[in-house]
Amino acid sequence: MSNYPLLSLAIWIPIGAGLLVLMTGGDRNAPLARMLALAGAVAGFLVTVPLWLGFDVSQGGMQFVELANWIPRFNINYHLGVDGISMLFVVLNAFITIIVVAAGWEVIQNKVAQYMAAFLIMSGLMNGIFSSLDGILFYVFFEASLIPLYLIIGVWGGANRVYAAFKFFLYTLFGSLLFLLALMYLFFQSGGSFSILDWHKLPIELTPQIWVFLAFLIAFAVKVPMWPVHTWLPDAHVEAPTGGSIVLAAIGLKLGAYGFLRFSLPIAPDASQELAGFIIVLSLIAVVYIGFVALIQADMKKLVAYSSIAHMGFVTLGFFMFSALAIEGALVQMISHGFVSGAMFFCIGVMYDRVHSRQIADYGGVVNTMPKFAALFMLFTMANAGLPATSGFVGEFMVILAAVEFNFWVAVLAASSLIMGAAYSLWMYKRVIFGAVANKHVEELTDINGREFAILAVLAICTLWMGLYPQVFTEVMHASVNDLLRHVAVSKIH
Amino acid sequence: MFDNFVIPDLLPAAPEIFLATMAMAILMIDLFVKDSRRTVTFVLTQLTLLGAAAIQIYTSSGEVTYTFSNMFVDDMMADLLKLFLYMTMIVVMFYSRAYLFDRPEMNKGEYYVLALFATLGMLVMISANNFVTLYVGLELLSLSLYAMVAMNRDSLASTEAAMKYFVLGALASGMLLYGMSMLYGATGTLEITELAEVLYQGESNRTVLIFGLVFLVAGLAFKLGVVPFHMWIPDVYHGAPTPVTLLIGSAPKLAAFAIVMRLLVSGLITLAEDWQGMLIILSVLSMAVGNLAAIAQTNLKRMLAYSAISHMGFMLLGIVTGVVGGDPRYALNAYSSAMFYVIVYVLTTTAAFGMILLMARAGFEADELDDYKGLNKRSPWFAAIMLMIMFSMAGVPFFGGFFAKFSVLQAVVAAGYLWLAVVAVLFSLIGAFYYLRVVKLMYFDAPVEETPISAGLDMRILISANGLAMAGLGLFPQLIMSLCAYALLRSL
């Protein structure tokens, strides 16, 4: 194992780079800002690579741990570490940051430095969320990450950006404030510790456990987002610039789901078992009902946003079936969704940059003018629909397999998502890409340039790699997921 | 004939004595200073404040010392609050300088002298151990402020604000005095520490005590500006010239916290159950009214006034959770949280009004919310500072305001008032809206004017330092937090 504080580097390199980018000032220095941002993103990614390579897959506990006093007055520590559940997200996040910087390369011409800086800072903060082992440290990163995204949506977003930015911020803040109270409650229950790992061992009676679970649920359900608190997501996605949508879908949504595994399940295992049925019902509604909602969308971004909610329904469904297969399936689904939804939003961004419309009706016959793009878009659409050999299939298949074992009807409803997913993804694809050239705009389209091709190609490789050989991803998770399940199986009530 | 006269120990009050002497000296010197050379007065004022701070540090013993027949007390809490007070006043005077020099009709020597007397009043309030001392300090502060609000005598709004402030302030002082006289009637003492002992015997008439307490709390509520005694706050904040608003909105909160501690905690802790009940109501009402009314404002000063009301309500949460069921176990945690909250709030609010002064220039007040439209285009750096101020006020990490809210909330949760904590966070959610709106104006909207910010370099550096200090407090709050706890531990 390495002696370098890799996790600290993964957090603070992007933030430092972000501040540096800010210093380049106005748009005169935009080229410099872009180069610095790219360098920061790449450096941030490189320090996460040893996390994966040096990860000990036989160990379920925390690795790369860093511990230092932060606020001794309240026993708050700067306590970092990753296990098999969180490590991949740190890497994914750092990777997506490069994509996002590249995605905004030419498209963003206005306040370039601030744009790039916001993404870099957010990337660092989100690494902080995934690697915090102290409740308050987690919370601080969790809430601070709202600020950059609020600005990204509000400054570079679409027509209705102000509404979307406020809705996003206030919705998430609402969830996290009650979460903060739950953290304080646990602090006093545990005799003065904010350590998440201490809380895992803390015995709590059922009633307070249920309250704590519900407080967590509000925070994470809003973030995931689960039905019925999902309504901020389509707005935020539609109004956000392409980069914002990519980060939100690829990483932002994972924060809530990650919270379930780090907080809800291990801290309130009895409440989790008790309320699992409730969560499963909510998840199935997300999968089935939101699938239908996606079907009727006229706006491509909204369609992908709703499909994200449906896919995240799969994730929460997997978590609350309490089997290794289901949880690993859900985790694979989360990572896969990071690649696929990121790519989908990027594809929509590519078309939007040229035509300035996200309406499906404004397109048709794009394949005639953008053949390379159409081919790559096809791959991601298929992955979104869960076609075998793409990453989208692996996670869904694992969760459905676990569901069959769990309850036949749950499995039937969950499996219906494969049909729904295929229906809305492919139907959109058909209307946008195939058919006769719909109008002048489509006729004038130019195919993707080298930069766009490179971004899509990298994402395509990831999607296929994960679809064909998911072993590398799942082997990391085994030990930690098994530990988690063993832990959840033991009641905390005495 | 002077046999019984004992010269009191002057050392604990040395900074006050120095400040009073200097204030009078500056009043004299200023007579000979031409209007165009007002910088002399300004420099002398700053040197006086610095000197007082130096004396404070030098004479501080860290022990609880009484002097002037126990009328005056110097302890760690007083020392700490006074140091923050000097610091705030120095910053306030710096922020005000350009504004005043741009407006010669207001840039009179009286302004500086009154500010020094207000400071003296606050110092006396912080160190008061007797109802009379406390009242004298309070009146010295209030009378100086009444005059300062009316400094711009040709402005209708200022004069109206001064009148309103004076009438309501006098009413509040009356209530406070009435409450004090009731307590005197019940216990036979004006001295706060002795009052606590007498009450501990439990032989006083409870009806009279509670009657007096109600008036006392009402008077304090006026001075703190919490609902339903908040009526003067929005008008005075709005009507007063911005430097005066800055003064009223910042340092006096430290003094108000001190008199709440002296009167309610040091003096009336045995009645804690009673006044806590009253303050809970005031606190919840303040958070509700302050946060809701702030949403409707179009003037930044008025918005900050309502925000001040809600912040004082939040601060009270730390005061009301000190004693639970007669058990003072949580007292230190709760009161030190409230103290930390006040200090962070003062730091933040100073920066906020400082921003208004930074943006203002001759003939332009920069106090409307719309004046901040597109600030990010005009000056990304100051937009970022204002962004930090707003997020700090909203209690979003990594800024000082988060840990201020955090420490008060944990005190509330520790005391078992979970419902109160839930109410508090729900109102801060509402509060987040109008702070976010300021950020929206600066970042999402196009500028209505392109005039570059004309403030001088000193102002730019100072306000940047102020903003960064606030952000730094969000990254490393430990030092001030533990200082507050330590000071209170040594004082109570």
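Letters A, B, ... mirror the listed sequences (proteins, then strands); counts begin at 1. Basis for what follows: all heavy atoms, side chains included, without hydrogens, waters or symmetry-related copies.
- In this structure, Ile147(A) CD1 and Phe399(B) CZ are separated by 4.5 Å, a value rounded to the nearest 0.5 Å.
- In this structure, Phe433(B) and Leu173(A) have side chains that are not in contact, with every pair of non-hydrogen atoms separated by 4.5 Å or more.
- Using a 4.5 Å heavy-atom cutoff, the side chains of Leu426(B) and Phe174(A) are in contact.
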- Query: Is there a side chain to side chain contact (heavy atoms under 4.5 Å, CB included) between Leu409(B) and Leu180(A) once you walk through the steps?
  - Reply: CA-CA 9 Å; Leu409(B) 276 179; Leu180(A) 178 64; 4.2 Å; yes
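- With rounding to the nearest 0.5 angstrom, the CD atom of Gln114(A) is 4.0 Å from the CG atom of Asn376(B).
- With a threshold of 4.5 angstrom between heavy atoms, Trp70(A) approaches chain B through its backbone and through its side chain.
- At a cut-off of 3.5 Å, with distance as the only test, no side-chain donor of Ser407(B) or Arg73(A) sits close to an acceptor on the other residue.
- Most heavy-atom pairs under 4.5 Å with chain B: of the set Val155(A), Val140(A), Leu177(A), this distinction falls to Val140(A).
- If you measure heavy-atom distances from Ala485(B) to chain A, the contacts under 4.5 Å come from the side chain alone.
- For Leu125(A), the part lying near chain B is the side chain, with the backbone staying farther off; criterion is any non-hydrogen pair under 4.5 Å.
- Taking Ala414(B), Ser336(B), Gly395(B), Gly474(B) one by one and counting their heavy-atom pairs under 4.5 Å with chain A, the maximum is reached by Ala414(B).
- Atom CH2 of Trp211(A) sits in a sparse spot, with 12 or fewer heavy atoms from other residues, nucleotides or ligands closer than 6.0 Å.
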- Task: List the steps, then state whether side chain to side chain contact (heavy atoms under 4.5 Å, CB included) holds for Phe444(B) with Leu151(A).
- Result: CA-CA 8 Å; Phe444(B) 306 173; Leu151(A) 293 174; 4.1 Å; yes
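- Ring-centre distance between Phe391(B) and Phe169(A): below the 6.0 Å cut-off.
- For the residue pair Asn69(A)/Gln478(B), the side-chain donor-acceptor check at 3.5 Å is not satisfied.
- Comparing Tyr185(A), Tyr150(A), Phe142(A), Phe141(A) by heavy-atom pairs within less than 4.5 Å of chain B, the highest count is held by Tyr150(A).
- Proximity to chain A is absent for every atom of Lys405(B), based on heavy atoms less than 4.5 angstrom apart.
- To the nearest 0.5 Å, atom CZ of residue Phe406(B) and atom CZ of residue Phe74(A) are 5.5 Å apart.
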- Given side chain to side chain contact (heavy atoms under 4.5 Å, CB included), test Phe403(B) with Ile136(A) step by step and report yes or no. CA-CA 10 Å; Phe403(B) 282 106; Ile136(A) 293 301; 4.3 Å; yes
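- To the nearest 0.5 Å, atoms CG (Leu475(B)) and CD1 (Ile71(A)) are separated by 9.5 Å.
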